[in-house]
Novice: 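My questions all concern the structure below.
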Amino acid sequence: MSALVDQLVAQVIGLEVGLLSCQARLAAVTDDEALHDLRTTVRRLRSLLRPLRGLPGVEQLEMAARAVGQLTTPLRDREVLATYLHQHGHYAAADRRLRLQPDAYRQVAKSAEVAQLLLILDAFPRFIRASQHQKLLKGLRSRIEKRLAKQWQAIDAALKDPEHDRHRLRLLIKRVRYAAEAYPELDRLPANAMSHLKKAQAALGDWHDCWQWLAQAQHQADLQPCVAVWHNTMAKAEGQADRVLDKLSADCF
């Protein structure tokens with residue numbers, strides 16, 4: 001038990017250091033990967049926390065992490081779209097979006113949401129140690145293993161649903177992937193599951209991008225030249241995602 005708690009504390013401290021680095025990079029507008037790295041770090045934190053629900057401090061930290069995710073989602077979506085537009089020669093449309101990003105990065109860095117997350121995250125190791133001292137962490141390993149298994153079972157159930165929701169599947173796959181990385185010693189996934197999950201996430205990500213961009217194109221005129229390509233790409237991504245998901249279902253369940 002002590003080793004597991006030590007690992008939890010070490011991961012939380014590492015994620016805090018990562019978030020502080022991302023905050024500094026955003027404030028200084030040093031690079032265009034800082035926002036993505038911030039969101040990935042927050043996602044890893046949420047995956048670490050999900051199996052710990054019910055312990056002191058977890059709910060507050062989850063809420064703070066969720067708030068940062070909600071704050072940054074539209075900014076990251078705009079960033080990804082602008083990158084696509086630039087790569088495909090739509091330079092004016094790309095530049096209209098990219099020129100908004102530096103101010104957005106600085107606003108995220110100094111936002112109340114990021115400040116609140118860092119404040120709670122800094123105190124969280126003390127909550128873990130206090131819980132350990134009060135013997136509130138008995139059965140923690142079993143609790144985490146059960147919740148990881150439940151997340152995996154949720155993917156199985158979704159795959160068996162002929163009307164499965166690709167949006168929900170994409171989120172479930174992300175959760176399982178990052179949870180397995182957060183708790184590698186407690187991971188009970190089939191040996192080849194991670195490679196299938198990565199491929200499924202990539203295919204569903206391509207589909208989701210096109211779906212989202214087509215929705216934006218309905219009220220953003222400068223996206224109209226891309227609509228036909230996105231319809232075609234989305235159809236191909238749907239087929240690729242379905243093939244990958246069928247393979248995941250056949251090989252891992």
Side-chain angles (χ1 to χ4, degrees), residues 11-53 57-86 93-125 127 165-168 170-175 177-179 181-182 201 204-205 207-220 223:
Q11 286 206 62
V12 168
I13 293 172
L15 290 167
E16 181 183 10
V17 170
L19 285 173
L20 286 166
S21 173
C22 291
Q23 183 188 38
R25 289 161 59 198
L26 286 165
V29 195
T30 60
D31 61 278
D32 57 7
E33 288 297 315
L35 183 65
H36 172 65
D37 290 347
L38 175 80
R39 288 174 54 77
T40 299
T41 304
V42 169
R43 193 176 298 122
R44 293 185 188 284
L45 173 62
R46 295 180 70 179
S47 295
L48 186 72
L49 294 173
R50 192 168 282 107
L52 305 178
R53 286 175 176 170
V58 170
E59 182 180 358
Q60 294 90 334
L61 189 50
E62 277 199 301
M63 289 176 62
R66 187 182 305 116
V68 172
Q70 291 171 343
L71 171 70
T72 56
T73 291
L75 306 179
R76 176 58 181 167
D77 289 346
R78 185 172 67 201
E79 188 176 66
V80 172
L81 173 57
T83 300
Y84 172 93
L85 292 170
H86 195 271
D95 290 344
R96 272 192 289 274
R97 291 162 176 81
L98 287 172
R99 73 168 66 107
L100 301 173
Q101 292 302 98
D103 282 344
Y105 295 154
R106 287 187 283 264
Q107 289 169 10
V108 169
K110 64 182 182 182
S111 67
E113 289 87 346
V114 169
Q116 179 74 355
L117 175 58
L118 287 169
L119 181 67
I120 299 174
L121 188 57
D122 185 60
F124 190 65
F127 279 96
D165 183 341
R166 289 188 179 88
H167 288 287
R168 181 169 178 268
R170 179 169 161 268
L171 294 176
L172 289 173
I173 286 169
K174 281 186 175 183
R175 286 180 187 175
R177 269 198 64 200
Y178 285 111
E181 292 172 0
Q201 184 177 332
L204 288 168
W207 169 82
H208 180 263
D209 284 344
C210 291
W211 177 87
Q212 186 169 248
W213 296 341
L214 285 167
Q216 292 183 44
Q218 295 177 19
H219 51 84
Q220 296 181 31
L223 299 181

Novice: If you draw a 6.0 Å radius around CD in Gln212, do more than 12 non-hydrogen atoms from other residues or ligands fall strictly inside?
Specialist: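 Enclosed.
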Novice: Of the non-hydrogen atoms in Pro102 and Val29, which two are nearest, and what is the gap between them?
Specialist: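 That would be O-CG2, 4.0 Å.
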Novice: Find the distance between CG (Leu81) and CD (Gln216) and round it off to the nearest 0.5 Å.
Specialist: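 These two atoms lie 5.5 Å from each other.
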Novice: Specify the closest pair of heavy atoms between Ser47 and Tyr178, including all atoms of both residues, with the distance to one decimal.
Specialist: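 Taking Ser47 first and Tyr178 second, the nearest heavy atoms are OG-CB, 3.0 Å.
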Novice: Hey, what do you get for CG (Leu100) to OH (Tyr105), rounding to the nearest 0.5 Å?
Specialist: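 It is 10.5 Å, given to the nearest 0.5 Å.
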Novice: Has the side chain of Thr72 got a donor or acceptor atom that lies under 3.5 Å from a matching backbone atom of Val68?
Specialist: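 Yes, because the side chain of Thr72 sits within donor-acceptor range (under 3.5 Å) of the backbone of Val68.
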Novice: So, for Ala65 and Val42, which heavy atoms are closest and what is the spacing to 0.1 Å?
Specialist: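 For Ala65 and Val42, the tightest heavy-atom pair comes out as O-CG1, 3.5 Å.
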Novice: Checking Gln201 against Arg170: is there a side-chain donor and acceptor pair closer than 3.5 Å?
Specialist: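 There is no such pair (donor and acceptor under 3.5 Å, judged by atom type) between the side chains of Arg170 and Gln201.
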Novice: To the nearest 0.5 angstrom, please state how far the CZ atom of Arg66 sits from the CD atom of Glu113.
Specialist: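 Between Arg66 CZ and Glu113 CD, I get 13.5 Å after rounding to 0.5 Å.
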Novice: Can you measure from CZ (Arg168) to CG (Leu171) and round to the nearest 0.5 angstrom?
Specialist: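 It comes to 9.0 Å.
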Novice: What do the steps show when you test Thr40 against Arg43 for side-chain contact (heavy atoms from CB on, under 4.5 Å), and what is the final call?
Specialist: CA-CA 5 Å; Thr40 299; Arg43 193 176 298 122; 4.1 Å; yes
Novice: For the residue pair Ala82 and Arg97, what are the closest heavy atoms and their distance?
Specialist: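 Answer, listing the atom of Ala82 first, then Arg97: CB-CB, 3.9 Å.
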Novice: Rounded to the nearest 0.5 Å, how far does CG of Leu117 lie from CG of Asp122?
Specialist: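 Answer rounded to 0.5 Å: 11.0 Å.
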Novice: Give a yes or no answer on whether the side chain of Gln11 reaches the backbone of Leu48 with a donor-acceptor pair at less than 3.5 Å.
Specialist: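 Side chain of Gln11 to backbone of Leu48, a donor-acceptor pair under 3.5 Å: no, none is there.
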Novice: Working note: Trp213 + Val80, criterion side-chain contact (heavy atoms from CB on, under 4.5 Å); need CA distance, chi angles, decisive distance, verdict.
Specialist: CA-CA 10 Å; Trp213 296 341; Val80 172; 3.8 Å; yes
Novice: For Phe127, does the CZ atom have more than 12 heavy-atom neighbours from other residues, nucleotides or ligands under 6.0 Å away?
Specialist: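 No - once you tally the heavy atoms of other residues, nucleotides and ligands closer than 6.0 Å, there are 12 at most.
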Novice: Is the closest side-chain heavy-atom distance between Leu214 and Gln218 below 4.5 Å?
Specialist: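 Of all side-chain heavy-atom pairs linking Gln218 with Leu214, none is under 4.5 Å.
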Novice: Could you check whether Arg39 and Thr73, counting side-chain N and O atoms only, form a donor-acceptor pair closer than 3.5 Å?
Specialist: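 The criterion, which ignores hydrogens and geometry beyond distance, is satisfied for Arg39 and Thr73.
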Novice: If the threshold is 4.0 Å, N to carboxylate O, is there a salt bridge linking Arg53 and Glu62?
Specialist: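 Counted as a salt bridge, because a side-chain N and a carboxylate O are separated by less than 4.0 Å.
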Novice: Hey, are the side chains of Leu223 and Leu85 touching, using non-hydrogen atoms and a 4.5 Å cut-off?
Specialist: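 In short, these two side chains touch, coming nearer than 4.5 Å.
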Novice: Can any side-chain N or O of Gln23 pair as donor or acceptor with the backbone N or O of Ala109 at less than 3.5 Å?
Specialist: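 Here the side-chain-to-backbone pair exists.
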Novice: If I take atom CD from residue Glu16 and atom CG from residue Leu121, how far apart are they, to the nearest 0.5 angstrom?
Specialist: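 If we round to the nearest 0.5 Å, Glu16:CD and Leu121:CG are 5.0 Å apart.
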Novice: Grab the two heavy atoms, one from Asp32 and one from Glu79, that are nearest each other, plus how far apart they are.
Specialist: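 Where Asp32 meets Glu79 most closely, the heavy atoms are O-OE2, 3.5 Å.
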Novice: Would you please indicate if the ring centroids of His167 and Trp207 are separated by under 6.0 Å?
Specialist: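 Distance test on ring centres: under 6.0 Å, yes.
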Novice: Could you tell me whether the side chain of Asp31 reaches within less than 4.5 Å of the side chain of Arg25, counting heavy atoms only?
Specialist: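 Result yes, sub-4.5 Å side-chain heavy-atom pair found.
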Novice: Can you confirm whether His86 sits close enough to Thr83 that some side-chain heavy atom of one is under 4.5 Å from a side-chain heavy atom of the other?
Specialist: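 No, their side chains stay 4.5 Å or more apart.
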Novice: Side-chain donor-acceptor pair under 3.5 Å between Gln220 and Arg96, yes or no?
Specialist: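 Short answer, no.
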